[in-house]
Amino acid sequence: MVEETTATEPLDFIRRQVEEDLRTGYFDGVVMTRFPPEPNGYLHIGHVKAICVDFGIAEDYGGACNLRFDDTNPVKEETEYVESMIEDIHWLGFEWKELLYASDYFDQLYEWAVQLIKEGKAYVDDLSPDEIREYRGTLTEPGKNSPYRDRTVAENLDLFERMKNGEFPEESRVLRAKIDMASPIINLRDPVMYRILHTPHHRIGDKWCIYPMYDWAHGQSDSIEGITYSLCSLEYVNHRPLYDWFLDQLGIHHPRQIEFARLELTYTLTSKRRLRRLVEEGYVNGWDDPRMPTIRGMRRRGYTAAAMRNLITLTGISTANSTVDFGLVEYAVREDLNRVTPRGMAVLRPLRLTITNYPDDQEEWFDIPTYPQDKENPATHQAPFSKEIAIEQEDFMEDAPSKFFRLAPGREVRLLGAYLVTCTGVVKDEAGQVVEILCTYDPATRGGNAVDGRKVKGTIHWVGARHGVPAELRLYDRLFSQEDPEAVEEGQDFTANLNPHSLELLDNALVEPFVADAANGSHFQFMRQGYFCRDADSTPAKPVFNLTVNLKDTWAKVSGG
RNA sequence: UGCGGUGUCGCCAAGUGGUAAGGCAGCGGGCUUUGAACCCGCCAUUCCUAGGUUCGAAUCCUAGCACCGCAGCCA
C-alpha cells in the first residue's frame, strides 16, 4: 500500500492568515491588496519584495491588487517617479486592477476631518513645530495637552476652513486628532492630520493649501478601496493602533493590516537618501547604473524579472529583521539564466595563439551548439576558425601545476568545438612577457574528439583572430566592499566602503560574430566566464556587454585566485 | 525608566506539546567538448540564557539577556 504523501510547501504567515479568513469567510472571500509607493524616487530591490508580496498574494488567491501612489507630500513628489514606477512594476510582470492616487481621496478625507471636528475628536492647534515636539513628551514621559486642545467645535471648523482656503502661512497651524497625550504609544499623542503647505501638487496643482499626513490618509485610502489586506513593513506596527482608531471613529471598512520584514541584502544599500547621493555625487553613472540596486539598474545589469521574483520566494516572508546574503541573489540570477541563455565565446583578455601547422589561408566555420545545456534544443551557430586565434590569458601558464587543466608548454587541450592543440612554444617580448603561444593541432580531432579515443582534461574557449569582433566588456562587482556598507570608522560615512573595483572596463575583448549582432538587452553566457547582457551603449562598430554575474569558479577557489 | 516587535545551522527559514523541513553557502565524490550546469553524499542530540510544568518542550509557565522600531507639520 503506497502512502499518499502530500508534500506541500509550508505557507508563509500572511498566506496562512488569508487562507484562514477564506475558510471562515471573514472578508466574504475577497482578497484585495495594494502596493502604495510614494513617488519620490526610483524603485529598488527592497520594493521588489513588497511588490511580490502585495501582487503575489492577490494573484495566488484570485484577488486583485491596486497600484496607489501615496502622494500626500507635494514637496517631495514628482510625475517622473510615477512613470518610472509604472514601468518597473510592469517589467517585473505584475498588473494592477486600478491605478490610483491618495490625492484622489483628498475631498473625502477633508469631509471626514470635518466630521471628526464636529464630533469633538479633532482640533486646530496653533503651537509651533518646536512646541508640538516639546508637548509630545518623550519615550518615557507622557506629553501634555496643547492650550488649544479645547477650542470649540465652531472655532475649529472656522479655523480649519480658513487653513484650507490658504489664509495662514505654513507651520502656523495644524489639525490634530484628539486622542491621548499621555498614551505610551507615541503615535496616539494627538497626531497631526493636516499641515499647511503652499506648494502645488504634481497632479492636482494648487487646489489645496493643506495636505493630509500619511497616517491620516493611508488607512482611509485602503478602506475606500475595499482593501482586505493592508500589507506593510514592520515599522508600521506602531501605527496600527492609530489606523484602527481613525477607522473606528469613522465607522468604515476595516482592512486587516499585516506587517512583515523588509528585504535587506549584504553589500547593498536601499536608503533613498544614500542612493541619491551615489548618483548625485557621481559614484555611479545614474539611477540605472548596473551596480545600483534599483530595478532599472538591475535590469540593465541583466538580472531578469523571473530571477527577482524567485529571489523573493527563496528568501521568504517573516517578522524577523534579517539580512540576506548577496550570494542568494547571484544564485537566483544564475539559476534563471542558465536554463534559457544562449552560449557564446568571448575572450576577455586576449592572448594570441598561432597554430603553426595549420595552413596559412585556410578557414573553417565550426558549428557550435548554442544551447548545450538543453539537450532538446539542437540549435547551433557558426564560429570562424583559422591559423591565428585568441585565447584567454588566464588559460595559459608557463609553469603550470599539475592541477592546471589548461594550456602549458607540452600540454594538449581542446579548443571548444574545434581541435585538440598542443603547446609547442611561446614568444616573449623584451620584458619577458608571453605575447604569443605556439601550438600544433591534430587534424584528426576535428570537432574536438580524438579518433584514437585519447582524452584531454581541459577545454578552453577561443575566438578566431580574423573574424572576431572587438567589444567592450564592463565587469561589475559589488558596489561596496563591506557586508554592511554602513559599518564605518568614526568620522567616515558609507562612501568609505565603496569598492574601488566595482567596475572594470575591458576595452580589448573579442567576441565571436554571432553574439556581436544581437539586440540590446540580449542575454548570453560567455562560456567559462559568466552571463552578460548587451548594453544600450553599443554602437554598430563596437558592441558593449555588461557582466550580469560570473559563473561559479572552482578553479579560482582552489588556486587561491 | 515607556510602548511595540524579534531571537531555530555561516545566511535565510519551516516548526503552533510527540521527539529539529527546505534553500543558499560550505565540504567530499561522480559526470562533463563550459573547472559551469547536473547527480550523489555530508553539514543543529539542539532551538538566546536559567529555572519550572509534563511520560514528553523549540513549542506551555516564570525570571533574565540581546537586538530592532517609535519622540517629522516625512512616508
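All values below come from the heavy atoms of this structure, side chains included, with hydrogens, waters and symmetry mates left out. Residue numbers begin at 1 in each chain, while the letters A, B, ... track the order of the sequences.
Close to B:G35, at under 4.0 Å from its OP1 or OP2, lies a side-chain N or O of A:Arg528. One finds no side-chain N or O of A:Thr315 lying less than 4.0 angstrom from the OP1 or OP2 phosphate oxygen of B:C12.
Rounded to whole Å, the distance from CE on A:Met527 to C1' on B:G35 is 15 Å. Rounded to an integer number of Å, the gap from NE2 of A:His461 to P of B:A36 is 15 Å. One can place CD1 of A:Ile312 at 14 Å from C1' of B:A13, the figure rounded to the nearest angstrom. Here B:A36 presents its P atom at 15 Å from NZ of A:Lys375, a figure rounded to the nearest Å. Straight-line distance from the CZ atom of A:Phe260 to the C1' atom of B:C12: 16 Å, rounded to whole Å. Straight-line distance from the CG atom of A:Asn550 to the P atom of B:G35: 14 Å, rounded to whole Å.
Rounded to whole Å, the separation between the P atoms of B:C73 and B:A58 comes to 47 Å. Spacing between B:A71 and B:C3 at atom C1', rounded to whole Å, works out to 12 Å. Taking atom C1' on both nucleotides, B:C27 is separated from B:C67 by 32 Å, rounded to a whole Å. Between the P atoms of B:U59 and B:G52, the separation comes to 14 Å (whole Å). Using atom C1' as the reference point in both B:U53 and B:A63, the two lie 15 Å apart (nearest Å). As rounded to the nearest Å, B:A21 and B:U34 have C1' atoms that lie 34 Å from one another. With C1' as the reference atom, B:C70 and B:A37 are 48 Å apart, rounded to whole Å. Using C1' as the reference atom, B:C43 and B:G22 are 14 Å apart when rounded to the nearest Å.
As judged by a 4.0 angstrom heavy-atom cut-off over every strand, A:Arg343 is placed among the base-contacting residues. Within the 4.0 angstrom heavy-atom criterion, no nucleotide atom of any strand lies near A:Asp12. Using a 4.0 Å heavy-atom distance criterion, A:Gln525 is classed as a base contact. Base contact: A:Phe404 has a heavy atom under 4.0 Å from a base atom.
The main-chain N or O of A:Ser230 is never found under 3.5 Å from a side-chain atom of A:Asp222 such that the two would form a donor-acceptor pair. A:Thr199 contributes no side-chain N or O that, together with a main-chain N or O of A:Pro74, makes up a donor-acceptor pair within less than 3.5 Å.
Taking CE of A:Met213 as the start and CG of A:Leu175 as the end, the distance is 11.5 Å to the nearest 0.5 Å. With rounding to the nearest 0.5 Å, the separation of CZ in A:Arg173 from CG in A:Asp125 is 10.0 Å. Between A:Tyr371 atom OH and A:His381 atom NE2 the span is 10.0 Å, to the nearest 0.5 Å. The line from CZ of A:Arg309 to CG of A:Leu314 is 14.0 Å long, rounded to the nearest 0.5 Å.
Taking 3.5 Å as the limit, the base of B:U16 and the side chain of A:Arg16 contain a donor-acceptor pair of atoms between them. Judged by atom type and distance alone, A:Arg240 does not reach the base of B:G4 through any side-chain donor-acceptor pair under 3.5 Å.
Side-chain contact of A:Ser183 with A:Arg189: a donor-acceptor pair under 3.5 Å is absent, judged by distance alone. A donor-acceptor pair shorter than 3.5 Å cannot be found between the side chains of A:Gln482 and A:Asp484. Defined by atom type and a distance below 3.5 Å, a donor-acceptor pair is missing between the side-chain atoms of A:Tyr236 and A:Glu259. Side-chain contact of A:Glu364 with A:Tyr419: a donor-acceptor pair under 3.5 Å is present, judged by distance alone.
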Could you tabulate the donor-acceptor pairs under 3.5 Å formed by side-chain atoms of residues 316-329 of chain A, not counting sequence neighbours?
residue  : atom : partner  : partner atom : Å
A:Ser318 : OG   : A:Ala320 : N            : 3.3
A:Asp325 : OD1  : A:Gly327 : N            : 2.7

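Glycosidic conformation at B:G7 (O4'-C1'-N9-C4 for purines, O4'-C1'-N1-C2 for pyrimidines): anti, more than 90° from 0.
Taking the side chain of A:Ala320 as heavy atoms from C-beta on, and the options B:U32, B:C68, B:U6, the nearest nucleotide is B:U6.
When Watson-Crick and G-U wobble pairs are counted only if both distances are under 3.5 Å, B:G51 pairs with B:C61. When both distances must be under 3.5 Å, the Watson-Crick or G-U wobble mate of B:A66 is B:U6. Under the Watson-Crick and G-U wobble criteria, each requiring two contacts below 3.5 Å, nucleotide B:C27 is paired to B:G41.
Mapping A:Asn338 and A:Thr445 onto RNA chain B via the closest heavy atom, the residue that lands nearer the 5' end is A:Thr445.
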Next on the checklist: One character per nucleotide, please: for nucleotides 70-75 of chain B, 5' to 3', B when the base has a protein heavy atom closer than 4.0 Å, S when only the sugar-phosphate does, - otherwise.
Outcome noted: BBSBBB
Between N or O atoms, less than 3.5 Å apart, protein on one side and nucleotides 19-24 of chain B on the other: list the pairs.
residue : atom : partner  : partner atom : Å
B:C24   : OP1  : A:Tyr331 : OH           : 3.1

